[in-house]
Asks: 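Could you have a look at this structure, given as structure tokens, before my questions?
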Amino acid sequence: MNTSGKAVTCWAAIAWKKISPLSIEEVQVEPPKAGEVHIKMISSGICGSDDHVLKGTFPVKFPLIPGHEGAGIVESIGDKVSSVKPGDKVLTLIIPQCRECNSCLHCKGNFCEKQDVLPSSGLMLDGTSRFTCKGKSIYHSFRVSTFTEYSVVPEIAVAKIDDAAPLDKVCLISCGVPTGYGAAVQSAKVTPGSTCVIFGLGGVGSAIVMGCKASGASRIIGVDINEKKFSQARALGVTDCLNPRKLKKSVQEVVMEMMGVGVDFAFEAVGLVDTMTAAWESCNKSYGVCLIVGLASPESQLSLEAAKIITGKTLKGVCLGDYKTKDCIPQLVADYLQNKINIDPVVTHQLPFDQLHKALELYHAGEVIRCVLLF
């Protein structure tokens with residue numbers, strides 16, 4: 001079907017308001033404008049950030065089409081688009097790379113100023129939406145809505161990937177894998193023989209475990225309240241599993257007792273102030289590094305004992321593994337194809353898009369590491 005320059009009617013999931021069930025609706029998707037790409041979605045992961053949006057703990061505008069961890073094929077392109085063409089396999093990027101802003105131009109920056117996460121407008125760069133349903137304009141999720149058969153995304157938020165990439169799995173490399181794996185190998189630069197603790201063993205936490213293991217960490221402690229995740233975590237490389245609800249002391253006290261001096265690297269992949277504090281307090285006080293990977297609600301405030309900050313340990317925020325997305329995400333896909341990294345164990349479930357509600361039930365029941373929706 002040639003959709004170039006035409007509006008498309010397709011099925012999409014809409015959250016009409018926060019804390020309400022998603023509704024599968026027929027939506028109209030406008031053709032891409034200048035600098036935009038029209039994508040036929042093939043798969044989408046269900047990420048923890050999507051859950052934050054739907055629960056109302058992360059401020060967005062409703063009604064919206066959620067999802068951001070997507071893989072698909074370019075249907076058509078708007079004027080001035082040069083990095084992709086129809087037929088290309090692509091991933092959507094929750095954090096774009098405009099290559100023009102201060103963050104993109106700085107050697108260490110990756111939080112592009114044209115992102116739509118903090119804050120979220122729900123609109124394309126020109127201030128309008130490409131989705132309508134029942135005559136009403138529908139907001140975008142971080143400008144890369146993926147719970148839809150077709151989407152329109154800014155070119156700066158699209159990465160062309162290898163034609164050999166299996167689109168039913170590589171959607172995870174658009175968000176969850178680089179966020180976690182990159183936090184360990186790119187941001188923390190975990191060293192051989194080092195010790196690590198990871199708070200949260202979902203999709204992102206599992207990717208952190210993979211990164212720590214690949215970097216040669218000698219001991220990897222996994223922390224989660226859902227013990228169903230422990231067997232998979234051990235298979236990925238976790239050496240010790242802790243359930244905070246079954247401990248007689250705080251997690252940080254137990255970790256300090258286990259290690260004697262605290263861990264070299266602590267990762268928080270939950271997005272809660274309590275787990276951020278626990279990760280910080282699990283670090284070696286002199287040279288430990290605490291990396292905050294989980295997305296907290298914007299009104300949350302993190303409070304630390306000021307006097308203990310001078311001891312030498314480091315607190316660092318991480319977004320998408322510090323990768324410059326358009327430059328680096330395609331290389332991660334290539335690494336996967338060359339068996340340098342293996343994301344397959346993280347994809348524990350795959351379901352057709354029309355079973356979205358079952359997928360969300362499995363997610364909330366803690367039965368999945370990552371569930372991928374197939375269109």
Side-chain angles (χ1 to χ4, degrees), residues 48 51-52 55 57-58 179-180 183-184 187-188 190-191 193-213 217-234 236-318 364-366 369:
D51 190 53
H52 293 329
K55 286 181 176 177
T57 57
F58 191 83
T179 296
S187 304
V190 169
T191 51
S194 60
T195 55
C196 306
V197 61
I198 297 112
F199 288 79
L201 296 173
V204 170
S206 295
I208 295 172
V209 173
M210 291 164 52
C212 293
K213 179 71 172 178
S218 63
R219 195 165 183 181
I220 304 171
I221 303 169
V223 182
D224 205 291
I225 60 174
N226 181 3
E227 295 188 7
K228 296 175 184 177
K229 298 177 181 178
F230 287 175
S231 61
Q232 177 74 342
R234 289 192 177 96
L236 291 173
V238 166
T239 56
D240 306 86
C241 293
L242 300 177
N243 180 349
R245 292 179 176 174
K246 292 189 175 181
L247 301 177
K248 295 180 179 180
K249 299 179 180 179
S250 69
V251 175
Q252 51 267 47
E253 288 176 313
V254 172
V255 171
M256 292 299 289
E257 288 178 0
M258 291 170 66
M259 305 310 303
V261 293
V263 295
D264 299 310
F265 301 97
F267 300 87
E268 198 280 348
V270 182
L272 297 175
V273 168
D274 287 348
T275 44
M276 292 177 183
T277 303
W280 170 253
E281 294 179 352
S282 297
C283 283
N284 181 287
K285 65 181 179 181
S286 181
Y287 50 78
V289 181
C290 177
L291 296 101
I292 305 301
V293 184
L295 180 62
S297 60
E299 69 272 11
S300 299
Q301 297 291 318
L302 181 61
S303 179
L304 304 173
E305 290 184 63
K308 292 185 178 180
I309 295 175
I310 69 163
T311 61
K313 61 183 177 180
T314 302
L315 180 66
K316 177 176 170 54
V318 184
H364 290 129
I369 301 299

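Starting from 1, each residue takes its place in the sequence as its number. As the structure is a computational prediction, the values presented were derived from the model and not from experiment.
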Asks: Identify, with sequence neighbours excluded, every residue that meets side-chain hydrogen bond (donor to acceptor under 3.5 Å, both in side chains) alongside Asp264.
Replies: Thr195

Asks: With a 6.0 Å cut-off (strictly less than), is the heavy-atom count around CD of Glu299, excluding the residue itself, greater than 12?
Replies: yes

Asks: Heavy-atom distance under 4.5 Å between the side chains of Val238 and Phe230, does that happen here?
Replies: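 They are not in side-chain contact.
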
Asks: Is it the case that the side chain of Thr311 and the backbone of Lys285 share a donor-acceptor pair, with hydrogens and angles ignored and the cut-off at 3.5 Å?
Replies: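 Confirmed, Thr311 side chain pairs with Lys285 backbone.
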
Asks: With Glu257, which residues qualify under salt bridge (charged side-chain N to carboxylate O under 4.0 Å, His left out), at least two apart?
Replies: Lys249

Asks: So, using side chain to side chain contact (heavy atoms under 4.5 Å, CB included) as the criterion, who are the partners of Lys248 when residues are at least two apart?
Replies: none

Asks: Is the number of heavy atoms from other residues, nucleotides or ligands within 6.0 Å of NZ (Lys308) greater than 12?
Replies: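 For Lys308, atom NZ is not crowded (no more than 12 foreign heavy atoms under 6.0 Å).
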
Asks: Might you work through the side-chain contact (heavy atoms from CB on, under 4.5 Å) test for Ile220 and Leu236, ending with a clear yes or no?
Replies: CA-CA 10 Å; Ile220 304 171; Leu236 291 173; over 6 Å; no

Asks: Go through Lys229 and Ile369 one step at a time and tell me if the side-chain contact (heavy atoms from CB on, under 4.5 Å) criterion holds.
Replies: CA-CA 7 Å; Lys229 298 177 181 178; Ile369 301 299; 4.1 Å; yes

Asks: What pairs meet the side chain to side chain donor-acceptor pair (under 3.5 Å) rule with one or both residues in residues 196-205, with sequence neighbours excluded?
Replies: none

Asks: Mind checking what makes side-chain hydrogen bond (donor to acceptor under 3.5 Å, both in side chains) contact with Asn243, not counting sequence neighbours?
Replies: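 For Asn243, the residues satisfying side-chain hydrogen bond (donor to acceptor under 3.5 Å, both in side chains) (neighbours in sequence not counted) are Glu227.
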
Asks: Could you walk me through whether Trp280 and Ile309 satisfy the side-chain contact (heavy atoms from CB on, under 4.5 Å) test, starting with their C-alpha distance in whole Å, then the side-chain angles of each, then the deciding distance to 0.1 Å, before giving a yes or no?
Replies: CA-CA 10 Å; Trp280 170 253; Ile309 295 175; 4.1 Å; yes

Asks: Using the test side-chain hydrogen bond (donor to acceptor under 3.5 Å, both in side chains), find all partners of Asn226 that sit at least two apart in sequence or belong to another chain.
Replies: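 Once residues adjacent in sequence are excluded, Asn226 has no partner under the side-chain hydrogen bond (donor to acceptor under 3.5 Å, both in side chains) criterion.
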
Asks: Are any non-hydrogen side-chain atoms of Phe265 and Cys212 less than 4.5 angstrom apart?
Replies: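 Contact flag for Phe265/Cys212 side chains = no.
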
